[in-house]
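What follows is a set of notes on a single structure, which appears directly below.
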Amino acid sequence: MSRTTIGTVHGKTGFNNFKFLVEDPSVERMEYIKVWHESDNWILGQVLDLTKKNPTYNSDRDFDPTEEKIIAKSSIIGYRDDNGLLRPPKTPLSPGDEVYRADDSLICESLGIDRGEVYIGNLDRKDLEVNLDANELVQKHCSILAKTGSGKSYTCGVLIEELKEENVPVVVIDPHGEFHSMRKPNKSSKQKARMDEFNVSPKGYSNIDIYSTGDNLGKKLVLDGKNLGPRDIIDLLPTNPTNTQTGLLYKAVKELRGRRGDYDINELIRTIKGYDSKSKWNLINQLEVVADLNLFSANPTPIEDMVSPGKISIINLKGFKPDIQEILVTRLCNDLFMARKNEKIPPAMLIVEEAHNFAPERGFKSSASTDIMRTIASEGRKFGLGLTVVSQRPARVDKNVLSQCNTQIILKVTNPNDLKAIKKGVEGLTTEMQDEIQSLPTGVSLLVSNDIEKPVFVDVRVRKSSHGGEAVKVTKNSGKSKKKSTNKNKNKNKNKNKSKSVSGSGKTKKGTEDFAEEGEDGGLMDKIFGK
Ligand SMILES: Nc1ncnc2c1ncn2[C@@H]1O[C@H](COP(=O)(O)OP(=O)(O)OP(=O)(O)O)[C@@H](O)[C@H]1O
């Protein structure tokens, strides 16, 4: 138990915040602290901000350095009452109360970070495991949000490894073909060196199937094209049909259903061809585009084969045009949802990478898959179909979907609009935490979950299996020569910027505010050439 004081409570105190005069200069921002309260015992708090002042400092720089004071602004997290509930103290702390570093047991007990089996990582700068409850995670959905290169796919890989070890079936919508590498153990020497820190060891996973519609990329994915309803068909069409065309579609489906046999898209096309309408040709053309994709068949890949305990099914969309990716995701997610609703498959987790493309926020893009994503987000929990959305553009993900994610794993985010979206969607996020999100190192996340009482910073554990999302190296420059040229470039850029502001008005024309942080390239050029 920590017995050395690190400061004393100072000034006005309240039920949520207090300040203390720091006596130990090694106190850090976001560090957990405790204060003894006469009726409620130990109260857990967290340092939110630190400021220094020296009243003897003057403009002649004649001052007494020993008079420097450090003030810590802290939040009150609270104490566990007799019923195990986390509560704020019944009366405020008193000025002069002594502040100590919080013990690990008090942190674990107060925050509730060790209640589950899904090991995400360690409390930042602490040797304390943060575990989430697998049921809660699957039932109440999850989001992983971060700017590009900050560790989204890596963290997603950690989540998949943990779910797999709990035997939860996982289906991953993988637009970049990153996740097949999980079959191999993590061989990165840098990451291996950190494995002891997290008590994990390299491991490659079996029972992973890659599904694709390509010829040589694992198992073939064929979707059920039998007896599609008019709404399903409209979702699949490259463009929205006119009212007349919609009418023709309904008429044809009704007619085919009346014949009481199975029908497919080709039969639908033949039926519509028989109608006397000029509008039919454009509709037929669109239906033929869908039929030519060869994504549908009367013998589809059985959903039951894709979803079984401990199985990971990776839907590799690499190489497909965005509209075809949407068609695939729409049908597959519909089939998954219906199969789970009818209890044909066990409870499972559906992970959607690049979710801003499959469930885009209104005004940015429209996608046929948005409706089913919303349905899974709002109804999936009733049926045991969990959803994890992963995105580098939180502001562009449908709010209805994001707001249903009770676990949020937020890595570094700097775009002002994305920060705004996160702020709106996350309860209990302090201004200081928002500042912190902008400067998080790769792999450190802010974790918000129903399981945990307050948002916590987590050092995401290293992967057991190999990470497939490494950035492609463009040059073979040694670090030394690169550094030299970077410095040169820095000076060059400095001069460039100077001359710009002299010759111009000093205003730089920005695109929409959305691109204030990352260019249209999603930060690719920064990634390649450095900031
Ligand atoms: N928790 C971690 N521990 C160790 N290394 C990590 C961790 N998280 C990320 N990294 C490293 O950071 C790199 C970038 O991570 P990742 O590929 O997950 O980024 P991303 O946000 O998915 O990027 P993109 O948007 O470009 O796909 C990885 O190659 C990995 O080596």
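Atoms within each ligand, like the ligands themselves, are counted from 1 in listed order.
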Evaluate Tyr154 for polar contact with ligand 1, using N/O atom pairs at a separation under 3.5 Å.
yes

So is His467 polar-close to ligand 1, meaning N/O to N/O under 3.5 Å?
yes

When you measure from the heavy atoms of Ala146 to every atom of ligand 1, does any distance fall below 4.0 Å?
no

List ligand 1 atoms under 4.0 Å from Gln392, heavy atoms only on the residue side.
25 (O)

Contacts of Asp232 meeting side chain to side chain donor-acceptor pair (under 3.5 Å) (sequence neighbours excluded), chain-then-number -> Arg331

Please check: side-chain N/O of Asp398 versus main-chain N/O of Val401, any donor-acceptor pairing under 3.5 Å?
yes

With heavy atoms and a 4.0 Å threshold, my read on which part of Lys147 contacts ligand 1 is backbone

Do any pairs count as a salt bridge (charged side-chain N to carboxylate O under 4.0 Å, His left out) and have a residue in residues 106-119, sequence neighbours left out, and if so which ones?
Arg115-Glu453

Considering only heavy atoms of Lys152, which atoms of ligand 1 have at least one such atom less than 4.0 Å away?
18 (O), 19 (O), 20 (P), 21 (O), 22 (O), 23 (O), 24 (P), 25 (O)

Please list, in number order, the atoms of ligand 1 under 4.0 Å from a heavy atom of Gly151.
8 (N), 9 (C), 15 (O), 16 (P), 18 (O), 19 (O), 20 (P), 21 (O)

Just to be sure I read this right, does ligand 1 sit under 4.0 Å from the backbone of Ser153, its side chain, both, or neither, counting only heavy atoms?
both

Any donor-acceptor N or O pair under 3.5 Å, side chains Ser465, Arg463:
yes

Look up atom CG in Leu163 and atom CG in Asn167, then write down how far apart they are to the nearest 0.5 Å.
10.5 Å

For Gly149 and ligand 1, does the shortest N/O to N/O distance drop below 3.5 Å?
yes

Distance under 6.0 Å and angle within 45° of ring axis: Arg183 vs Tyr205:
no

Please confirm whether Lys190 approaches ligand 1 to less than 4.0 Å, judged on its heavy atoms.
no

Just wondering, more than 12 heavy atoms not from Asn199 lying within 6.0 Å of its CG?
no

Without swapping roles, check the side chain of Arg396 against the backbone of Glu361 for a donor-acceptor pair under 3.5 Å.
no

Run the numbers for me: atoms of ligand 1, each under 4.0 Å from some heavy atom of Val460, listed by number.
1 (N)

